[in-house]
Q: 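If you scroll down you'll find the structure; I have some questions about it.
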Amino acid sequence: MAATNFKTENNTFRKLIGNGLTYSIPRFQRDYSWTDDEWEDLWMDLQGTLQPGGEPAHYMGYLVLQSADDRTFEVIDGQQRLTTVSLIVLAVLKNLQRLIGAGNDADANRRRIEQIRQTYIGYLDPVTLVARPKLTLNRNNNSYYQDYLVPLGHLPQRGFRASEHLLRKAFDWFDKRVADFLKKSSGNEGMRLAQFVEDLSDRLFFTVITVTDELNAYKVFETLNARGVRLSATDLLKNYLFSVLDRGGDHDDYELRNLEDRWEAMVGRLGAESFPDFLRVHWNSRRSFARQAELFKTIRSKVKTREVVFQLLRDMEQDLDAYLALSSPEASDWPQAAKSHAATLRTFNVRQPYPLLLAAKRSFDAPDFAGLMRACVVISLRFNVICSYSTAEQERTYNAVAERIAKGEIADLGAALGAMQSVYPNDAAFRAAFAEKTIRTTQSRNNRVVRYILCALEKHLSGQDYAFASDSFNIEHVLPQNPETGWEAFTDEEADALVYRLGNMTLMQAGANKDLGNSPYLTKRTVFERSSFAMTRKLATDHAEWTPERIAIHQGWMAGQATAVWRIAQLAS
């Protein structure tokens, strides 16, 4: 494992838990959270492997472990599954215990309990009756698991956390299912329970990824998430930060609970999958640029003391509302103009300015922040939407300005804009790119972008402000998306190439757009001339026919208008 820093293999539960191997869930890992929905799914999947002619095995998914010696492992991802399977085994032991209490083959069933416990759960010290477990849960759940569930004793219900109640309920739930399983078949009950555990351990299998340290674990999370397998990088980050607090030994439980509550409150507002994105935006709004793939390594190198962890948490809390206002503007209390700009950035699917905007929100006055929001929209339309330039250097430029704002080197809008000159395509470059731009409106996001562009051009021309998401109008493709008779001026190749050019698109009221359909241009033109949209009337006035050349001319005119609409006077050239 040292050569590659991680290894991957498929293991059954038997192989995973046997041979003296032990597993621990990091102290600050998320608490047990499965409920009857997940219990039911797992039980039905397990039953499907036990029925005659059923599935030979059930795949339990990825299990990410960290180990330095291949004998003791920290469970980085998969704790809910491992814990639940252990509870099923404990439920079987409870049913065996009842058989002993009823005098049913007591000696044999005692031996079965001892063997199953030692193989899958651990053993009880004969003097102290303290469990030597195969699995150790996190700091909030382990005491209840080891003190009450593993010994199979009385399960108290008062004065415990919600997650501890879930552990008890899960055990009770599987206890009843195992008892029902016994009633549905005949034969020696102790033997059938033991066989059930044997079948479970051989038919549940995992893809096990074992890493050497947290950094390699984070790389695994990034790789699997890129392939569509969502793992909790959020928990990994939390574990590291809280382990720094725990390392010093001078904390108290109240302090840790307070910090955990604050962490969970942030994650709850963001969602676990969004938290790593927020953390990177927050980090880059205050410090030197860090790529997503480098973020965990960077945090480990910078956050090493209790004081720095506390500061990081305070800073994240300070930035949380602003980040949520950018990513979910409709729910924010920002002024309408700022909300509108944030919504536009989301329509563009552009997030590169977020670190810059977080830094500015902390430091700029309201007018300067509003000006910067508009500037980011203009730059995003020019740079990202129309010119389609690579975002790598743009992101670094935004970060460099954000870092200077955080350090107090840039204090107002004028200075910020001056530092952003390199990501503002000049008028000539923007006009040329716009004049050739094609945007396929068959994609819903592209459709919204084109509606936004057309509505902005209409406002520039007529002064009428239309909400681009309105259902009252549609995008009219002058050359239809599926042209029929009357469009002989276009070859098939030209029609395919030009139908989604911006110059071939305008706005029409919803009913009129539907009625026109694939009509020839001369028919459409008479309707365009009566349109309530100034840009559509202008198109009809300026173009007596519609040909490839007329599309280019009209789009050139649109490019000139767009250059005036999306313009930053301080950066114009």
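Predicted model only: the values in this text are computed from it and were never measured.
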Q: Where is the tightest heavy-atom contact between Phe174 and Ala91, given as atom of each residue plus distance?
A: C-CB, 3.7 Å
Q: Between Thr12 (side chain) and Lys15 (backbone), is there a donor-acceptor pair under 3.5 Å?
A: yes
Q: Show your reasoning for whether side-chain contact (heavy atoms from CB on, under 4.5 Å) applies to Asp36 and Trp43.
A: CA-CA 10 Å; Asp36 49 2; Trp43 183 255; over 6 Å; no
Q: Glu395 versus Asn399: any side-chain heavy-atom pair under 4.5 Å?
A: no
Q: Where does the angle between the aromatic ring planes of Trp34 and Tyr32 fall among parallel (under 30°), tilted (30 to 60°) and perpendicular (over 60°)?
A: tilted
Q: Calculate, to the nearest 0.5 Å, the distance between atoms CG and CG belonging to Leu204 and Asp45 respectively.
A: 9.0 Å
Q: May I have the step-by-step check of side-chain contact (heavy atoms from CB on, under 4.5 Å) for Val377 and Met373, ending in yes or no?
A: CA-CA 6 Å; Val377 169; Met373 286 285 293; 5.9 Å; no
Q: Quick one: sort the Trp173 and Trp39 rings into parallel, tilted or perpendicular, breaks at 30° and 60°.
A: tilted
Q: I want to check something: taking the side chain as every heavy atom from C-beta on, are Phe369 and Trp334 in contact at a cut-off of under 4.5 Å?
A: yes
Q: State, yes or no, whether a side-chain contact exists between Ser327 and Ser274 at a heavy-atom distance under 4.5 Å.
A: no
Q: Assess, by modelled atom type and distance only, whether the side chains of Thr35 and Glu38 contain a donor and an acceptor separated by less than 3.5 Å.
A: yes
Q: Which residue is it: Ile88, Asn95, Val89? I am looking for the one with a side chain to side chain contact (heavy atoms under 4.5 Å, CB included) to Phe196.
A: Ile88
Q: Would you say Ser201's side chain and Glu198's backbone share a donor-acceptor pair under 3.5 angstrom?
A: yes
Q: So do Lys339 and Ser332 actually touch side chain to side chain, heavy atoms under 4.5 Å?
A: yes
Q: When the aromatic ring centroids of Phe206 and Tyr62 are compared, is their separation below 6.0 Å?
A: no
Q: Report the relative orientation of the aromatic rings in Tyr354 and Tyr323; use parallel for angles under 30°, tilted for 30 to 60°, perpendicular for over 60°.
A: perpendicular
Q: Under a 4.0 Å threshold between the charged nitrogen and the carboxylate oxygen, would Lys361 count as salt-bridged to Asp319?
A: no
Q: Search all heavy atoms of Tyr398 against all heavy atoms of Gln352 and return the closest pair with its distance.
A: CD1-O, 3.4 Å
Q: Once rounded to the nearest 0.5 Å, what's the spacing between atom CG of Leu46 and atom CZ of Arg177?
A: 13.0 Å
Q: If every non-hydrogen atom of Pro355 is compared with every non-hydrogen atom of Ser285, which pair is closest and at what distance?
A: O-CB, 3.1 Å
Q: Supply the atom-to-atom distance Trp283 CH2 to Lys302 NZ, rounded to the nearest 0.5 angstrom.
A: 7.5 Å
Q: Within the structure provided, determine whether Gln97 and Lys94 are in side-chain contact (heavy-atom separation under 4.5 Å).
A: yes
Q: Do any side-chain atoms of residues 152-161 form donor-acceptor pairs under 3.5 angstrom with protein atoms, and if so which ones, sequence neighbours left out?
A:
{"unit_1": "Arg161", "atom_1": "NE", "unit_2": "Asn140", "atom_2": "OD1", "d": "3.4"}
{"unit_1": "Arg161", "atom_1": "NH1", "unit_2": "Asn140", "atom_2": "O", "d": "3.2"}
{"unit_1": "Arg161", "atom_1": "NH2", "unit_2": "Asn140", "atom_2": "OD1", "d": "3.4"}

Q: Evaluate side-chain contact (heavy atoms from CB on, under 4.5 Å) for Met266 paired with Arg262, printing each intermediate quantity in order.
A: CA-CA 6 Å; Met266 284 192 291; Arg262 291 163 62 188; 5.6 Å; no
Q: Checking side-chain polar atoms at under 3.5 Å, does Asp199 have a donor or acceptor matched by the opposite partner on Gln195?
A: yes
Q: Does a side-chain N-to-carboxylate-O contact under 4.0 Å join Glu264 and Arg30?
A: yes
Q: Is there a side-chain contact between Val75 and Gln29, using heavy atoms and a 4.5 Å cut-off?
A: no
Q: Can you see whether Thr298 engages Arg287 through a side-chain donor-acceptor pair at a distance of less than 3.5 angstrom?
A: no
Q: Please determine if Asp107 and Arg110 form a salt bridge, counting it only when a charged side-chain N lies under 4.0 Å from a carboxylate O.
A: yes
Q: Ignoring hydrogens and angles, state whether a donor on the side chain of Gln311 or Arg314 is under 3.5 Å from an acceptor on the partner side chain.
A: yes
Q: If you round to the nearest 0.5 Å, how far is OG1 of Thr119 from CD1 of Ile17?
A: 10.0 Å
Q: Determine yes or no for a side-chain-to-main-chain donor-acceptor pair under 3.5 angstrom, with Arg451 supplying the side chain and Phe468 the backbone.
A: yes
Q: Does any N or O in the side chain of Asn446 come within less than 3.5 Å of the main-chain N or O of Thr441, such that one atom is a donor and the other an acceptor?
A: no
Q: If you define the side chain from C-beta out and look only at heavy atoms, does anything of Leu90 sit under 4.5 Å from Tyr120?
A: no
Q: Between Arg203 and Glu55, is a salt bridge (charged side-chain N to carboxylate O under 4.0 Å, His left out) present by the stated rule, with each step listed?
A: CA-CA 9 Å; Arg203 297 181 188 185; Glu55 296 292 328; over 6 Å; no
Q: Check each of Leu193, Ile121, Val197 against Ile116 using the side chain to side chain contact (heavy atoms under 4.5 Å, CB included) test, and report the only one that passes.
A: Val197
Q: Less than 4.0 Å between a side-chain N and a carboxylate O, is that true for Lys176 and Asp180?
A: no
Q: Nearest 0.5 Å please: distance from the CZ atom of Arg448 over to the CZ atom of Arg346.
A: 8.5 Å
Q: Going through the distances and angles, do Thr207 and Tyr59 end up as a side chain to side chain donor-acceptor pair (under 3.5 Å)?
A: CA-CA 8 Å; Thr207 296; Tyr59 178 57; 2.9 Å; yes
Q: Mind listing the closest non-hydrogen atom pair of Leu16 and Leu21 along with its distance?
A: O-CD1, 3.6 Å
Q: Within a strict 4.5 Å, meaning less than it, do heavy atoms of the Leu358 and Leu326 side chains meet?
A: yes
Q: Between Tyr452 and Phe348, how do the two ring planes meet: parallel, tilted or perpendicular, split at 30° and 60°?
A: perpendicular
Q: Please assess Asn141 against Thr83 for the test side-chain contact (heavy atoms from CB on, under 4.5 Å), listing each intermediate value before the final yes or no.
A: CA-CA 11 Å; Asn141 294 162; Thr83 302; over 6 Å; no
Q: So, does Arg192 use its side chain to make a donor-acceptor pair with the main chain of Leu182 at under 3.5 Å?
A: yes
Q: Using every non-hydrogen atom in the two residues, find where Leu65 and Ile76 come nearest and quote the distance to one decimal.
A: C-CG1, 4.3 Å
Q: Restricting to non-hydrogen atoms, name the atom on Asp105 and the atom on Arg112 that form the minimum distance, rounded to 0.1 Å.
A: OD2-NH1, 3.8 Å
Q: Any chance you could measure Leu200, atom CG, to Thr49, atom OG1, to the nearest 0.5 Å?
A: 8.0 Å
Q: Keeping the roles fixed (side chain from Gln80, backbone from Asp31), state whether a donor-acceptor pair exists under 3.5 Å.
A: yes
Q: Under a 3.5 Å threshold, yes or no: a donor from one side chain and an acceptor from the other, between Asp69 and Ser67?
A: yes
